[in-house]
Amino acid sequence: MNQTFSRRRDRLLTYQAMREGKITSSRRTRCSACGEESPQLEWDRNFQVCPRCGFHAPVGAYYRLSNILDPGSFQELEDKLSPADPLAFPGYPAKLSELEQSTGLKDAAVAALGRVDGHKAVFAVLDSRFLMGSMGTAVGEKITRAAEYAGKKKLPLVIFSASGGARMQEGIFSLMQMAKTAAAVQRFQSGGGLYISCFTHPTTGGVTASFASLGDIMLSEPGALIGFAGPRVIEQTIKEQLPEGFQRAEYLLDHGFLDRIVLRNEWRAVLSQLLALHEKGGRP
Amino acid sequence: MSRYTPEEKVKIARDPGRPGTSDFIAALFIDFFEQRGDRLCGEDPSILGGIARFHGRPVTVIGHRKGKDLEENLRCNFGMPSPEGYRKAQRLMRQAEKFGRPVITFVDTPGAYPGKEAEERGQGEAIAQTLALMSALEVPTIAIVTGEGGSGGALALAVANRVLMLEHAVYSVLSPEGFASILWKDASRAGEACGVMKLTAQDLRRGGIVQGVLREPEEGAHTNWEAAFRTVDAALTHELAALDKLKGPALARQRYEMFRAMGQGLPPAGREEP
Ligand SMILES: [Zn+2]
């Protein structure tokens, strides 16, 4: 009975939205977590959180920033940075141009200057549409420059991570970005800067094992997978199945690795509160 | 110049007959005092560390330990550290800085352990904190990759003022098996992966990732330990003397700038190298 009602409600909502010109189709989108379909309109109203189960679906970097920053405050930094191909890896340049076409991104990170409730900060956001948000030389360089810029301007640094780890196609040069970014945020923090690290689903490997785990404040969206090794690798290693909820944000919170879980529609409020508590970039 | 292919080098680098951290410590240092435990919850034997004298001078020495026989292999988890190991390393490095001792590390690991408890206790956080701490130390630091430098688990002990490699050691973003299974969904293409990954000491020297390659005896360090020890001893002596010219903050700056430059100035993707 309930289901019938909610389906009728969906159809009605879709119809109204189409009439108001908000959407042009009755497109429905299936949730990759619960498998249920919901109208795209409801997903949109919900900041791409599943209306049925609350799954926080991955979103693009620009979309995320547009939902967090004060209107008109977005100012992109280092948008000319582009990836390198140090191993001359077969097929990599073609893959990069194809992704640039489809996402509009040069690589998996966007950096920007912006405000939340008037509080100015430097933001960096990883985008999982671009090779799983993996960190190669361009991503490492962008994170590093964001930290250095925040240090120079005495502004807080907020980073949203979503990453499969080090980018294999750039080999050892990707690995070195772990050292480089960890050193950059460490230097920024020891200069008195506030660094807020925000995990989103999924963040693993070299990003978890570098800058993403070094925040003064550690936050995550609910249900995000956060780990060093991926669950499949662990299962193959220990030859047993991992328990439900293993390496999820709630699990990390229970084990002392996060300060708080933040719903997608709470980011503005939480960041605003934290930035206000650290006025002048965290300096007395 | 190199008699071995990258694939052969991976085999040599993993040869259990190569000298390991405990062998280098026994041969190159005197008065070794082992320090155990992370002071938080445990002791991880896969990282060996302590205080010793190098040519009379107190230093902190830390390295991966794979173990010499099956029993020790198991105890040391084949050189795959857990968070406790990295946190012990952090403790020893902080102490080295407090007492003004140089830090010398020996890198030889397949990677950090991908286990359930390791994740539960924050493997990622432990590695991240070690990288951050090591990057800012105000004492001279030298890392020597003696065998396998596998992934973040190796890097965590290698954010040093000088990173040196034995001639047939390898150092890579992931094992060739892991690399092949991620990129080609086929771990059996590991041999091919060795060829494209640029994981040999010579490739890494050319790429600016390591600052020196240490010659190995004829057929490799496993065939003549004494010769390998002499080479490493000479290199450490030379590099320490050079780093002694820098004051604390300058050491941290030199290290920062060196890692800062890695991956910069590479030709952009999609364009041929001139
Ligand atoms: Zn759902």
Side-chain angles (χ1 to χ4, degrees), chain A residues 82-90 92-94 96-97 136-138 140-141 144 166-180 182-187 190 204-206 208-214 226-230 233-234 237-238 240 242 246-247 251-252 255-257, chain B residues 80 83 111-116 118-136 149 151-156 158-159 171-174 178-179 182-183 196-199 203-204 207 209 252 255-256 259-273:
Chain A
S82 50
D85 181 19
L87 303 189
F89 191 78
Y92 185 47
L96 290 171
S97 10
T137 54
E141 183 66 23
T144 301
R167 184 167 302 168
M168 293 301 133
Q169 291 90 336
E170 295 183 32
I172 193 83
F173 293 90
S174 300
L175 188 72
M176 294 303 135
Q177 304 311 305
M178 291 171 62
K180 180 163 125 183
V185 299
Q186 143 74 32
R187 181 181 253 206
S190 64
T204 57
T208 299
S210 63
F211 66 88
S213 286
L214 296 171
I226 304 164
F228 176 63
V233 173
I234 301 169
T237 305
I238 64 172
E240 56 180 280
L242 292 168
F246 186 72
Q247 293 183 308
Y251 178 94
L252 269 87
H255 285 80
F257 291 101
Chain B
M80 293 183 284
Y113 187 56
K116 186 163 166 260
E119 289 293 316
E120 209 163 80
R121 298 197 285 262
Q123 186 74 285
E125 193 267 358
I127 293 173
Q129 294 288 355
T130 315
L131 298 175
L133 173 74
M134 220 184 164
S135 77
S151 189
L155 178 67
V159 189
Y171 191 9
S172 56
V173 66
L174 194 63
F179 184 90
I182 287 186
L183 285 176
V196 299
M197 287 175 80
K198 296 196 177 151
L199 44 63
D203 281 331
L204 295 167
I209 304 294
R255 202 181 303 119
Y256 186 88
F259 282 89
R260 180 75 186 77
M262 291 182 191
Q264 275 188 314
L266 296 167
R271 260 158 266 177
E272 297 293 301
E273 269 184 74

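To find a chain, count down the sequence lines: A is the first, B the second, and so on, and within it residues start at 1. Since this is a predicted model, take the numbers as computed values, not measurements.
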Novice: Looking at CE of B:Met262 and CD of A:Glu141, how far apart are the two atoms once the value is rounded to the nearest 0.5 Å?
Specialist: 13.0 Å
Novice: Give, for atom OG of A:Ser213 and atom CG of B:Leu131, the distance between the pair rounded to the nearest 0.5 Å.
Specialist: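 CG of B:Leu131 is found 10.0 Å from OG of A:Ser213.
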Novice: Between A:Ala184 and chain B, which part of the residue has a heavy atom less than 4.5 Å away: side chain, backbone, both or neither?
Specialist: both
Novice: Measure the CD1-CE distance between B:Ile182 and A:Met168 for me, rounded to the nearest 0.5 Å.
Specialist: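 So the CD1 of B:Ile182 and the CE of A:Met168 are separated by 4.5 Å.
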Novice: For chain A, which of B:Ser151, B:Gly149, B:Ala136 has the most heavy-atom pairs under 4.5 Å?
Specialist: B:Ser151
Novice: Work out which heavy atom in A:His255 is nearest to a heavy atom in B:Glu120; give both atom names and the distance.
Specialist: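 The answer is NE2-CG, 3.4 Å.
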Novice: How long is the span from the CG atom in A:Leu87 to the CG atom in B:Asp203, to the nearest 0.5 Å?
Specialist: 9.5 Å
Novice: Please determine, among A:Glu240, A:Arg187, A:Arg167, A:Gln169, the option with the most heavy-atom pairs under 4.5 Å with chain B.
Specialist: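 Among A:Glu240, A:Arg187, A:Arg167, A:Gln169, the one with the most close pairs to chain B is A:Arg187.
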Novice: For a 4.5 angstrom cut-off between non-hydrogen side-chain atoms, does B:Glu119 reach A:Phe228?
Specialist: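 When only atoms from C-beta onward are counted, A:Phe228 and B:Glu119 do touch, with a gap below 4.5 Å.
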Novice: Below 4.5 Å from any heavy atom of chain B, which atoms of A:Glu170 appear? Answer side chain, backbone, both or neither.
Specialist: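 Looking at A:Glu170, nothing touches chain B.
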Novice: Tell me, side chain or backbone of A:Phe246 under 4.5 Å from chain B's heavy atoms, or both, or neither?
Specialist: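 Side chain only.
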Novice: With a 4.5 angstrom heavy-atom cut-off, which part of A:Tyr92 approaches chain B: side chain, backbone, both or neither?
Specialist: neither
Novice: Looking at A:Val233 and B:Pro114, what are the two nearest heavy atoms and their distance?
Specialist: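 That would be CG1-CB, 3.9 Å.
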Novice: Tell me which of these, A:Thr137, A:Thr204, A:Ile226, A:Leu214, has more heavy-atom pairs under 4.5 Å with chain B than the rest.
Specialist: A:Leu214
Novice: Examine whether an atom of A:Leu96 lies under 4.5 Å from a heavy atom of chain B, and if so say whether it belongs to the side chain, the backbone or both; otherwise answer neither.
Specialist: side chain
Novice: Rounded to the nearest 0.5 Å, how far does CG of A:Leu252 lie from CD of B:Glu125?
Specialist: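 Going from the CD atom of B:Glu125 to the CG atom of A:Leu252 covers 10.5 Å.
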Novice: Given A:Met176, which of B:Leu155, B:Leu204, B:Val159 fulfils the side chain to side chain contact (heavy atoms under 4.5 Å, CB included) condition?
Specialist: B:Leu155
Novice: Specify which of B:Gly115, B:Gly122, B:Ala132 makes the most heavy-atom pairs with chain A at under 4.5 Å.
Specialist: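 Heavy-atom pairs under 4.5 Å are most numerous for B:Ala132.
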Novice: Using every non-hydrogen atom in the two residues, find where A:Ala84 and B:Leu266 come nearest and quote the distance to one decimal.
Specialist: CB-CB, 3.6 Å
Novice: Can you tell me which portion of A:Ile234 sits under 4.5 Å from chain B's heavy atoms? Options are side chain, backbone, both or neither.
Specialist: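 Backbone plus side chain of A:Ile234, per the 4.5 Å heavy-atom cut-off to chain B.
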Novice: Quick check against the 3.5 Å criterion: does A:Lys180 have a side-chain atom that pairs as donor or acceptor with the backbone of B:Gly263?
Specialist: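 Between the backbone of B:Gly263 and the side chain of A:Lys180 there is no qualifying donor-acceptor contact (under 3.5 Å).
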Novice: Report the distance from atom CD of A:Gln177 to atom CZ of B:Phe259, rounding to the nearest 0.5 Å.
Specialist: 11.0 Å
Novice: Please look at B:Arg121 and chain A and tell me whether the side chain, the backbone, both or neither of the residue comes under 4.5 angstrom of a heavy atom of that chain.
Specialist: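 For B:Arg121, backbone heavy atoms alone lie under 4.5 Å from chain A.
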Novice: Below 4.5 Å, heavy atoms only, C-beta onward: do A:Ile172 and B:Met197 meet side chain to side chain?
Specialist: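 When only atoms from C-beta onward are counted, B:Met197 and A:Ile172 do not touch, as no gap falls below 4.5 Å.
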Novice: Is any side-chain heavy atom of B:Tyr113 closer than 4.5 Å to one of A:Ile238?
Specialist: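 Result yes, sub-4.5 Å side-chain heavy-atom pair found.
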